[in-house]
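Below: one structure, written as structure tokens.
The structure presented is a predicted model; accordingly, all values stated were derived computationally and were not measured. In what follows, every chain begins at residue 1, and chains take the letters A, B, ... in the order their sequences are listed.
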Protein chains: 2
Amino acid sequence: MKGIIENLHKAFDNRVRLGIMSALMVNERMDFNSMKDLLDITDGNLASHLKALEKEDFILVNKTFIGRKPNTSYQTTPTGRKAFENHLNALEKLISSQQMKPDE
Amino acid sequence: MKGIIENLHKAFDNRVRLGIMSALMVNERMDFNSMKDLLDITDGNLASHLKALEKEDFILVNKTFIGRKPNTSYQTTPTGRKAFENHLNALEKLISSQQMKPDE
DNA sequence: TAAAAGTACTTTGTAAAACAAAGTATAAAT
DNA sequence: ATTTATACTTTGTTTTACAAAGTACTTTTA
């Protein structure tokens with residue numbers, strides 16, 4: 001007896017993580033501060049959500065310098081893109097037609 | 001400076017609540033046990049999420065009898081439907097094209 | 001008719017998450 | 001030398017999620 005919500009990945013339950021992934025699906029990379037502005041959250045909060053996605057191997061980090069300023073940017077991994085697309089498909093499926101069958 | 005995720009409603013962050021709302025958008029009413037089977041969670045867990053949605057005035061409860069058996073069923077309120085549609089629109093907007101503009 | 005089982009919870013307790021705020025390390029600009 | 005910026009980490013509090021057990025009522029079943 002499998003539930004209809006089981007294909008939704010727990011990592012994407014959260015709005016911040018949803019925002020991060022969406023941003024990184026469209027912009028193939030984005031730096032810390034742009035993301036902070038985009039999401040309008042504190043840096044500690046952002047860092048922790050980024051770390052959570054990193055830990056799942058859904059995003060990866062690039063530490064570089066722009067000119068002489070340190071700049072950390074993020075991008076999705078193939079795993080991350082696949083997982084996110086999967087999640088969106090599950091969402092779509094969930095939202096449309098969960099008709100109750102006469103039996104079961 | 002408004003974040004791109006602010007139109008996502010907190011009540012719908014959770015997969016179970018997402019499942020409940022989806023089920024109730026398609027089936028205009030559903031009873032406790034059908035929902036429990038559909039979502040495959042414990043009854044305590046389901047009850048608490050139902051209560052959370054009730055508290056937001058997103059769903060309402062009907063306590064009736066079918067034959068002689070007590071039967072509790074749930075349905076969305078207009079408020080709930082509106083909020084959920086809003087959430088889905090925000091989701092859709094979030095997921096598609098969050099292009100980084102040169103300024104800001 | 002007494003015991004077992006089903007419905008729809010509530011209560012209790014624990015573990016995990018979310019988050020803000022403050023602190024830290026490094027480097028750069030003034 | 002002091003201030004400012006970047007990108008965190010740490011600390012601590014509040015909120016959530018959840019399972020498991022308990023409860024009140026009813027209804028089968030033995």
Next item on the list: Report, as a single string ordered 5' to 3', how protein heavy atoms within less than 4.0 Å touch nucleotides 8-13 of chain C: B base, S sugar-phosphate only, - not at all.
Entry: BBB---

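- Atom CG in N14(A) sits roughly 17 Å away from atom P in dT15(D) (whole-Å rounding).
- Every side chain to side chain contact (heavy atoms under 4.5 Å, CB included) that A52(A) has, sequence neighbours left out, goes to R17(A).
- Two residues are said to be in side-chain contact when any heavy atoms from C-beta on lie closer than 4.5 Å; V16(A) and I41(A) meet this criterion.
- For the pair F12(B) CZ and dT16(D) P, the interatomic distance rounds to 15 Å; values are reported in whole Å.
- For the pair L53(A) CG and dC8(D) P, the computed distance is 13 Å after rounding to whole Å.
- Applying the side chain to side chain contact (heavy atoms under 4.5 Å, CB included) test to N33(A) and every residue at least two apart in sequence or in another chain returns D31(A), K36(A).
- At whole-Å resolution of the value, CD1 in I41(A) and P in dA7(D) are 14 Å apart.
- A straight line from CG of D13(B) to C1' of dA17(D) spans 13 Å, rounded to a whole angstrom.
- At a threshold of 4.0 angstrom between heavy atoms, the contacts of R15(B) with the nucleic acid are absent.
- Rounding to whole angstrom units, CG of residue L46(A) and P of dC8(D) are separated by 9 Å.
- M30(B) places none of its side-chain heavy atoms less than 4.5 Å from the side chain of Q75(B).
- In this structure, the CD1 atom of I20(B) is 11 Å from the P atom of dC18(D), given to the nearest Å.
- Phosphate contact (OP1/OP2 of dA17(D), side-chain N/O of R17(B), threshold under 4.0 Å): present.
- Every residue meeting the side chain to side chain contact (heavy atoms under 4.5 Å, CB included) condition with A83(A), not counting sequence neighbours, appears here in chain and number order: F12(A), F58(A).
- Taking only side-chain nitrogens and oxygens, T42(B) comes nearer than 4.0 Å to OP1 or OP2 of dA19(D).
- For T77(B), the side chain to side chain contact (heavy atoms under 4.5 Å, CB included) partners are D57(B), L60(B), T79(B), not counting sequence neighbours.
- As rounded to whole Å, 16 Å separates atom C1' of dA7(D) from atom NE2 of H49(A).
- Sorted by first and then second residue, the ring pair (Phe, Tyr, Trp, His ring centres under 6.0 Å) pairs involving residues 24-49 of chain A (not counting sequence neighbours) form an empty list.
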